[in-house]
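Proteins come first, then strands; the chains are lettered A, B, ... in the order of their sequence lines, and each starts at number 1.
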Amino acid sequence: MKFTSSYEPSDFESDVYAAWESAGLFKPTLPQPSGIEQNTPSTYSIVMPPPNANGNLHIGHGLTIAIEDSLIRYYRLKGKSAWYIPGADHAGFETWVVYERALEKVGHTRFEYSRDELYAQVWNFVEEQRGNMELQVRSLGASCSWDDLTFTLDENVVKRVYSTFEKMWNDGMVYRGEKLVNYCPKHQTAFADIEVEQVEEKGFLYDIRYSNEIVVSTTRPETLFGDTAVAVNPEDDRYKSLIGKTVKLPLSGREIPIIADEHADPAYGTGAVKITPAHDFDDFEVGERHDLPRLRVIDDSGKLCSEYVPEVFRGLTVEEGRKAVLKALKAEGSLLNTKKIVHTVPHCYKCGAVIEPTLKEQWFVDTERLAKAAISRLENNEIKFYPKNKQKVLIDYLKGLKDWNISRQIPWGIAIPMFKKVGDAPDYPDWIFDTRVNLKEIEYGGVKYVRDEDTFDTWFSSSHWPLVCTNWEEGRENPYYPLNVMETGADILFAWVARMIMMGIYVTGEIPFREVYLHGLVLDEHGKKMSKSKGNVINPVELVAKYGSDAFRLGILRGRSAGLNQAFSEESVKSGRNLCNKLWNISRFIEVAAQMVSSREHPEATAEDETPEPRDDGSAGRRFPKGTFERKPQYETLNMSEDWICREITEAKRRIEKGMKNYRFSEVVEELYSLIWDKYADWFLEAEKIYKNLPLLKTTLESILTLLHPFAPFVTETIYQSLSWTDGFLINQKWPSDLEFDPISAENFERLVPVITETRRVLAGLPGAFKTKKYGLLYGDDSLVSDNSLLVMKLARVPSISSTSGTPRGIRLAVPNHEVYLDVPAEVIKGYKDSLTERILAVGRELNSLEKRLENPNYVKKAPEKLVKETKEGIKEKKVLIERLRKELEVIA
RNA sequence: GGACUCUUAGCUCAGUUGGCUAGAGCGUUUCUUUGACGUAGAAAAGGUCAGAGGUUCAAGUCCUCUAGAGUCCACCA
């Protein structure tokens, strides 16, 4: 591939991905015992939180994949057998909602079909839509092992879910219970507590007279027909005498008892509260305490029903019913008072309909044992959390966990493998477990059983995700389980992470993952939540098309920290694109240099044979300590800037390793920017325009390509393959080893840098335009500058550099330990006066703060010796500097 | 009501055992048609680290309180 002068990601990204995939490079290698580098453990596994199989990726998926794929590529380069397992979610409820809507559009309803028919229809619907998502995951560069893709309805998933359910059934942890459940009348299904969205709303509190002595306060007058008691607080003197008596319900006239219960708050409303056990969670509990009957007066479609409801109200929706009841109460004088209040109302998280707590028979999981085991592991710090505080949040959640309703009344999902006895056969159980869910009814010892029509809550099956993706089996060694890390959104800590931990421990006895990394929401550029209605949704696929996958990944990871909701904008993606462009041109420069040198000097040469050019000071050769390594070095450093870049790359690499270990993506990405852009391109490569040390250029370029590869896989791979001297793929190269360098030489370069920056600064501050290449540099007693005059000339952009020959002139540069002058004529120096004065003041302020520190006797006594010494040296330097600047000023004035 | 997070440059964010003059990207200003790159280079401006107290030789960093922003859980007849 030819290097074009500008970076065009769309030219190569899909080809590169296809090449990786067809070469089988996303598959984990088998763990190999290694002679040289011991890597234990040698595996690294991550499972992808499965995106909706028939949906499109959103920005959250973009972040997830950017993080996970960077991790997996990093550990792959580090030599681990890395396994990134992709997934697709049947997304039970989400997909069902979409399908039901489509059904309604063509004038049908779910009630026209059997469950099996509906299941088949949705299956086909998903099949048709499927594939988009997977293409989008590819476009983001996810190096996941596609052959191992797990769909949440795959046979092995269902098998595992059934086996867990059976185990729980046998362990007595699953039970059928008639309880109040969160019920969406629009979708006609129950939900778990976590699926309900609590919304603050304005409403009314009505005072309704039940008798002359008792007036109840309620927000839901329409449920009064289901009341089975009125509760008052046992300590409430107003009502003490009434406890045990009965009262007649208005409108229906049914008689109900007055009971004493702590639930009634004397300070709220009238202090007397109607108890409707079949339609309110608190009332349900009161009912249990007092053994009250539960009367359902609202049916599955959210309409008033039952014999207890006077005929005129039957069939009305909750909303209509409320109006009608209030009107009737008013008419008979029972509605005494109406008060505006703000309260939270539960809503369906999908359609927004008000959740109707409804009495239903459902399957429940007794979570006590599950939660207890999880809490003990968590308190034992067996799973490390990023951010750390989520560990406690999760423990607190588990401590208050209630039983888990796992049945859903939607056809799209895994059928609950339970059959109910038909008729009266006393010696037979009411329910039996059987996995033949394709049958509507089965026979068991001559007795007929019919299949339960419900499906599992998707979180019930999802909680097995780490097991099913890694093909965990009882009694079989699995080097990929537990996973190294579970990476997902902080918003599903309870719904998913908590359940995976509980289920993982329950089934395998082991924690399912060693670490948890939670990312926050990706907000829009102003820090607002993205939503379709606000129109501020950023589509990752569009950004990839516009700027490239690498740019997107770098942009979304930049400045991102664990667990926080953070803003994201197109600007950060542009910045990522610019880095890629930079790297592209760095590589182009080196490739061109390589071709020129090899064709000019060594037409047949390989990289090893190329002879470095001599140093500009005449000395040459190997600068790093001999005998420190056994392999033949691939390069020799010939000057300070080369030792320096080797040092910088090596140190950056260590910081990257540390950052990756701690999931500090923000710092790692910043480190890479600074290494590639500031250090490699702006300093090192500028210097190399003089030296053109090809073996070194090649080695260092390969190093930075590898270091960046986890974050920008496409551009780094493409460059790697375009270079004339490389073979194979970058994706499975070795992570760079430390580069050899002479530390003294590297430090010397660091000491020369201020001479160059000061020259540039003074030049920029001089009056008049076109100042570059106009004034030369003069050096006095300064061996570092005189030995590297060519380098200084190039970097400082001065036309000449020479010795002062004893008589200094021009502006002396304000650099400690250097004697360098900018050869500027006297009349120009005059214009420099202001900037010089400003500089003296600035250095003076710095000196002041250092001196103040030293004046404190406790500082000298208690601070580390090293610090005190540094402070003293600093003072000395500043003093010399100020003295020098003052003299300069005198000359000008 | 309980818990958690955040408040650092115009904007978005880094800053992990407390330690030299608090950093980055974008934006802004000035200069540069240098033979990798104008998706660039060089230079610069811009901060009482939300506020108040405390601990310490030393606080953006630790503690307490206050204010503001946000999230989660529970409750609300």
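If you take atom C1' in B/A9 and the same atom in B/U29, they sit 15 Å apart, rounded to whole Å. The separation of B/A14 from B/A24, taken at their C1' atoms, amounts to 7 Å, rounded to a whole angstrom. Rounded to the nearest Å, the gap between the C1' atom of B/A45 and that of B/A3 is 43 Å. One P atom belongs to B/G54, the other to B/U71, and the distance between them is 35 Å to the nearest Å. Rounded to whole Å, the separation between the C1' atoms of B/G70 and B/U33 comes to 50 Å. Annotation: B/A59 and B/A52 have their C1' atoms spaced 15 Å apart (nearest Å). With both ends at atom P, the span from B/U30 to B/C72 equals 46 Å, rounded to whole Å.
A 4.5 Å side-chain heavy-atom check between A/Trp677 and A/Leu579 finds at least one atom pair inside the cut-off. Counting only heavy atoms from C-beta outward, the side chains of A/Arg577 and A/Tyr7 approach each other to under 4.5 Å.
A/Leu205 comes within 4.0 angstrom of sugar-phosphate atoms only, judged by non-hydrogen atoms across all strands, and of no base. Backbone-only contact: A/Ser575 has heavy atoms under 4.0 Å from sugar-phosphate atoms and none from a base. Base engagement by A/Ala681 is indicated by at least one non-hydrogen atom pair under 4.0 Å involving a base atom. Note on A/Ser572: nothing from the nucleic acid sits closer than 4.0 angstrom, heavy atoms only.
Contact annotation: A/Ser674 side-chain N/O to B/A24 OP1/OP2 distance is not under 4.0 Å. Checking the phosphate oxygens (OP1, OP2) of B/A44, a side-chain nitrogen or oxygen of A/Arg761 falls inside 4.0 Å. Considering only side-chain N and O atoms, A/Gln566 lies under 4.0 angstrom from the phosphate OP1 or OP2 of B/A14. Between A/Arg760 and the phosphate of B/U30, there is no side-chain N or O to OP1/OP2 separation shorter than 4.0 Å. For the OP1/OP2 pair of B/A3 and a distance below 4.0 Å, the side-chain nitrogens and oxygens of A/Asn389 include no atom meeting the criterion. Of the side-chain N and O atoms in A/Ser561, one or more sit less than 4.0 angstrom from OP1 or OP2 of B/A14. In this model, the phosphate group of B/G41 is approached by a side-chain N or O of A/Trp677 to a distance below 4.0 Å at OP1 or OP2.
The partner of B/A14 is absent, by the rule that a Watson-Crick or G-U pair needs both atom distances under 3.5 Å. The nucleotide B/C49 finds no pairing partner, because no Watson-Crick or G-U wobble arrangement with both distances shorter than 3.5 Å includes it. Within the shown strands, nothing qualifies as a pairing partner of B/U33 under the Watson-Crick or G-U definition with both distances less than 3.5 Å. Under the Watson-Crick and G-U wobble criteria, each requiring two contacts below 3.5 Å, nucleotide B/G19 is paired to B/C57. With a cut-off of 3.5 Å on both Watson-Crick or G-U wobble distances, the partner of B/A67 is given as B/U7.
In this structure, the side chain of A/Glu195 engages the main chain of A/Ala192 through a donor-acceptor pair within 3.5 Å.
Centroid-to-centroid, the aromatic rings of A/Tyr517 and A/Phe665 come within less than 6.0 Å.
Between the P atom of B/C75 and the NE2 atom of A/His343 lies a distance of 15 Å, rounded to the nearest Å. We find that OH of A/Tyr673 is positioned 14 Å from P of B/A24, with the value rounded to whole Å. The NZ atom of A/Lys794 sits 14 Å away from the C1' atom of B/A42 (whole-angstrom rounding). Between the NZ atom of A/Lys399 and the C1' atom of B/C73 there is a distance of 15 Å, rounded to whole Å. Atoms CG (A/Asn858) and C1' (B/C57) sit 5 Å apart, rounded to a whole Å. The interatomic distance linking A/Lys862 (NZ) with B/U55 (C1') rounds to 12 Å, in whole Å. Note: CG (A/Leu766) to C1' (B/U32) measures 15 Å, nearest angstrom.
No hydrogens or angles were tested; on distance alone, a donor-acceptor pair under 3.5 Å links the side chain of A/Glu686 to the base of B/A36. Residue A/Lys878 places a side-chain atom within donor-acceptor reach of the base of B/U21, judged by atom type and a 3.5 Å distance cut-off alone. No donor-acceptor contact under 3.5 Å links the side chain of A/Lys392 to the base of B/A3. Between the side chain of A/Lys582 and the base of B/C37, at least one donor-acceptor pair of N or O atoms lies under 3.5 Å.
Nearest to the side-chain atoms of A/Pro864 among the listed nucleotides B/U34, B/G19, B/A36 stands B/G19. The side chain of A/Asn585 sits closest to B/A36 out of B/C75, B/U39, B/A36.
Classified by interplanar angle (parallel below 30°, tilted 30° to 60°, perpendicular above 60°), the ring pair A/Trp584/A/Phe12 is parallel.
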